[in-house]
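Taking it in order: structure first as structure tokens, then the write-up.
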Amino acid sequence: MTDFQAAGTSGLSSSDLFKLKHYLIDTISRELDGEGASRDKREEIASQRIQDIYERARLNLPEDVREQLFKEVLDELFGLGPIQPLLDDPEISEVMVNGPKKVYIERKGKLIKTPITFEDNDHVQRIIDRIILPLGRRIDHDSPAVDARLPDGSRVHAIIPPVSIDGASITIRKFSRDKLGIAQLIEYDSITEGMAEFLRACVLARLNTVISGGTGSGKTTLLNILSSFIPEDERIVTIEDAAELQLQQDHVVRLETKPANADGRGAMTVRELVRNALRMRPDRIVVGEVRGGEALDMLQAMNTGHDGSLTTLHANSSRDAISRLETMVMMAGMELPLKVVRQQIASAVDLIVQQSRLRDGTRKVTAITEVAGMEGDIIVLSDIFKFEQTGLSESGEVLGTLKPTGIRPMFSPLLETAGYKLGADVFGATIADILTSNRKKR
């Protein structure tokens, strides 16, 4: 304290501020160790103690420096240290820590390097521990990677040395505080009103739907929105690696995977959770993402009365999504013939919604595709809606239109049975199409 008092009103150097910050952190953390109050109360106590120490030291820092010092101390005590301001910024969608000295963010689809740094690799690992310990997960030399989530639902992946060569790495995909709805997607030109009406009818008519797309394309956001169409009187079971879905319905059972303990036992994988969900009398099963052998169990659930199931997977197109499903079913180890696998997929999946992140950073539903059955050994896909890119603007913005292809899905009778008679305009039918259809009816 004496060094800080000596600096007094003349101000502190950056090294003195660094020492002061750590003095405050160490002092207050020790005082709070035995404090059993709630987090809000502990933050209140810490704020008061920071103020007391600051006044006793008779410091006279500029107001902005004092406020920044206090915030950094509180972020270190109760937040995620140097990256907490990035998490508080609503315009930042992703935070990437590449070792202690390199922190990047994604803002409006663009990657930007920040001036923020950690003290050293141990500092990064302390932040990782703060994230995962409340979840009962672990990260160490024997298990150097972990998936986790923040209290607000943001997805976290961390990986440490020796696997991460340049130091501990953290990747945080932030969960939007402003919950997006279908109206916002229409406003952002991610989807059209006709597509939104069609998807809502498909969910309510209990069609099995797969959302496919690349990393960061918005699959989970779209899954959240489609899940919101599920009626309140249905029992929903959600299955995720790290719980991200924020369903608004009341009757929801949320399941989350559990890694093995230090002895290698006690793991609960997505596949095991899907099997358990089938015994829980679900009306709907919503799987956050299928990545492996659980695809077979998911398809079997869709084929055995659990209609209206929803899931996501990584793929660059609707056709790629089918190939990915085939590969993942084979990962289940059942050694099924490829034709049998394809028959399972064709009978289970009704709809594939392709979500894409375009080169200008925007996210769009670029195709809605019906799985129309099989012809020989090939699964037949039929695009109902499609995004057609026409070029790039001078500013680099992707130009194009979302529009129906004019093809009505073969499951249209199911939509009508459920009470959804979508107009010809939704599917882009021309007058000639309507006249031809009327002649066939006669």
Side-chain angles (χ1 to χ4, degrees), residues 142-143 145 147 163 206-215 219-220 223 237-242 255-261 263-282 284-355 367 369-382 410-411:
D142 295 326
S143 180
D147 287 311
V163 175
R206 302 182 67 88
L207 298 181
N208 294 320
T209 303
V210 171
I211 301 169
S212 69
T215 300
K219 298 187 299 297
T220 304
L223 180 61
V237 179
T238 68
I239 299 166
E240 301 173 84
D241 272 324
L255 305 180
E256 185 178 60
T257 59
K258 175 184 174 296
N261 59 23
D263 298 327
R265 294 179 298 191
M268 286 294 285
T269 64
V270 171
R271 187 171 189 186
E272 289 170 317
L273 291 178
V274 170
R275 291 173 180 170
N276 277 273
L278 299 179
R279 306 184 187 105
M280 298 171 67
R281 199 245 171 243
R284 308 268 188 157
I285 297 175
V286 180
V287 181
E289 184 178 340
V290 288
R291 295 189 181 95
E294 65 270 9
L296 176 60
D297 300 280
M298 183 76 190
L299 292 176
Q300 288 179 326
M302 290 175 170
N303 273 323
T304 54
H306 296 90
D307 299 329
S309 297
L310 300 165
T311 190
T312 75
L313 56 81
H314 275 82
N316 293 323
S317 68
S318 301
R319 178 59 65 184
D320 283 350
I322 296 295
S323 298
R324 283 271 293 149
L325 276 172
E326 292 172 3
T327 302
M328 289 188 288
V329 168
M330 292 177 179
M331 289 167 66
M334 300 295 288
E335 297 185 6
L336 297 171
L338 182 57
K339 185 173 182 178
V340 172
V341 173
R342 289 178 175 171
Q343 287 172 338
Q344 284 274 315
I345 294 170
S347 61
V349 180
D350 298 304
L351 199 67
I352 299 173
V353 182
Q354 181 66 34
Q355 179 83 13
T369 305
E370 178 189 17
V371 180
M374 291 189 67
E375 285 187 2
D377 292 343
I378 305 300
I379 295 175
V380 178
L381 300 181
S382 178
M410 293 176 63
F411 55 68

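Position 1 is the first residue of the sequence; numbering continues from there.
- At a threshold of 4.5 Å between non-hydrogen side-chain atoms, the residues V329 and L299 count as touching.
- Between A332 and R271, the shortest heavy-atom contact is O-NH1, 3.3 Å.
- A donor-acceptor contact shorter than 3.5 Å links the side chain of E294 to the backbone of G292.
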Checking side-chain contact (heavy atoms from CB on, under 4.5 Å) for the pair L223/V286: CA distance, chi angles, key distance, verdict?
CA-CA 9 Å; L223 180 61; V286 180; 3.9 Å; yes
Determine whether K219 and E289 satisfy the following criterion, salt bridge (charged side-chain N to carboxylate O under 4.0 Å, His left out), listing intermediate values before the conclusion.
CA-CA 9 Å; K219 298 187 299 297; E289 184 178 340; 5.3 Å; no
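- Residues L351 and T369 form no side-chain contact, since every pair of their non-hydrogen atoms from C-beta on lies 4.5 Å or further apart.
- Here the shortest heavy-atom pairing between L278 and A301 reads CD2-CB, 3.5 Å.
- Residues G308 and N208 share a closest heavy-atom pair of N-OD1, 2.9 Å.
- Of the residues listed (M302, R206, R284), the one engaging D307 in a side-chain contact (heavy atoms from CB on, under 4.5 Å) is R206, and it is the only one.
- If you check the side chains of S212 and Q354, you find a donor sitting under 3.5 Å from an acceptor.
- Residues D241 and E256 approach most closely at O-CG, 3.4 Å, considering heavy atoms.
- Proximity of L310 to I211: side-chain heavy atoms (C-beta onward) are nowhere separated by under 4.5 Å.
- Rounding to the nearest 0.5 Å gives a distance of 9.0 Å between CG of L273 and CE of M280.
- Annotation: side chain of T238 is not in contact with side chain of L255 (no heavy-atom distance under 4.5 Å).
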Could you walk me through whether N276 and M268 pass side-chain contact (heavy atoms from CB on, under 4.5 Å), step by step?
CA-CA 10 Å; N276 277 273; M268 286 294 285; 3.8 Å; yes
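- Note: I378 CD1 to I322 CD1 = 11.0 Å, rounded to the nearest 0.5 Å.
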Could you walk me through whether T209 and I352 satisfy the side-chain contact (heavy atoms from CB on, under 4.5 Å) test, starting with their C-alpha distance in whole Å, then the side-chain angles of each, then the deciding distance to 0.1 Å, before giving a yes or no?
CA-CA 6 Å; T209 303; I352 299 173; over 6 Å; no
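- Shown here for M298 and S309, the closest heavy-atom pair between the two residues is CE-CB, 3.5 Å.
- No more than 12 heavy atoms of other residues, nucleotides or ligands sit less than 6.0 Å from atom CE of M410.
- The CZ atom of R291 sits 11.0 Å away from atom CE of M331, with the distance rounded to the nearest 0.5 Å.
- You'll find the side chain of I285 reaches within 4.5 Å of the side chain of I239, heavy atoms only.
- Residues L381 and I379 form a side-chain contact, since some pair of their non-hydrogen atoms from C-beta on lies under 4.5 Å apart.
- Residues V290 and V270 are not in side-chain contact: their nearest non-hydrogen atoms beyond the backbone lie 4.5 Å or more apart.
- Side-chain contact between L296 and M330: absent, with no pair of heavy atoms (C-beta onward) separated by less than 4.5 Å.
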With side-chain contact (heavy atoms from CB on, under 4.5 Å) as the criterion, how do I345 and E326 come out once you've worked through the C-alpha distance, each side chain's angles and the decisive distance to 0.1 Å?
CA-CA 8 Å; I345 294 170; E326 292 172 3; 3.6 Å; yes
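- Remark: M334 CE is loosely packed, at most 12 non-hydrogen atoms of other residues, nucleotides or ligands lying under 6.0 Å away.
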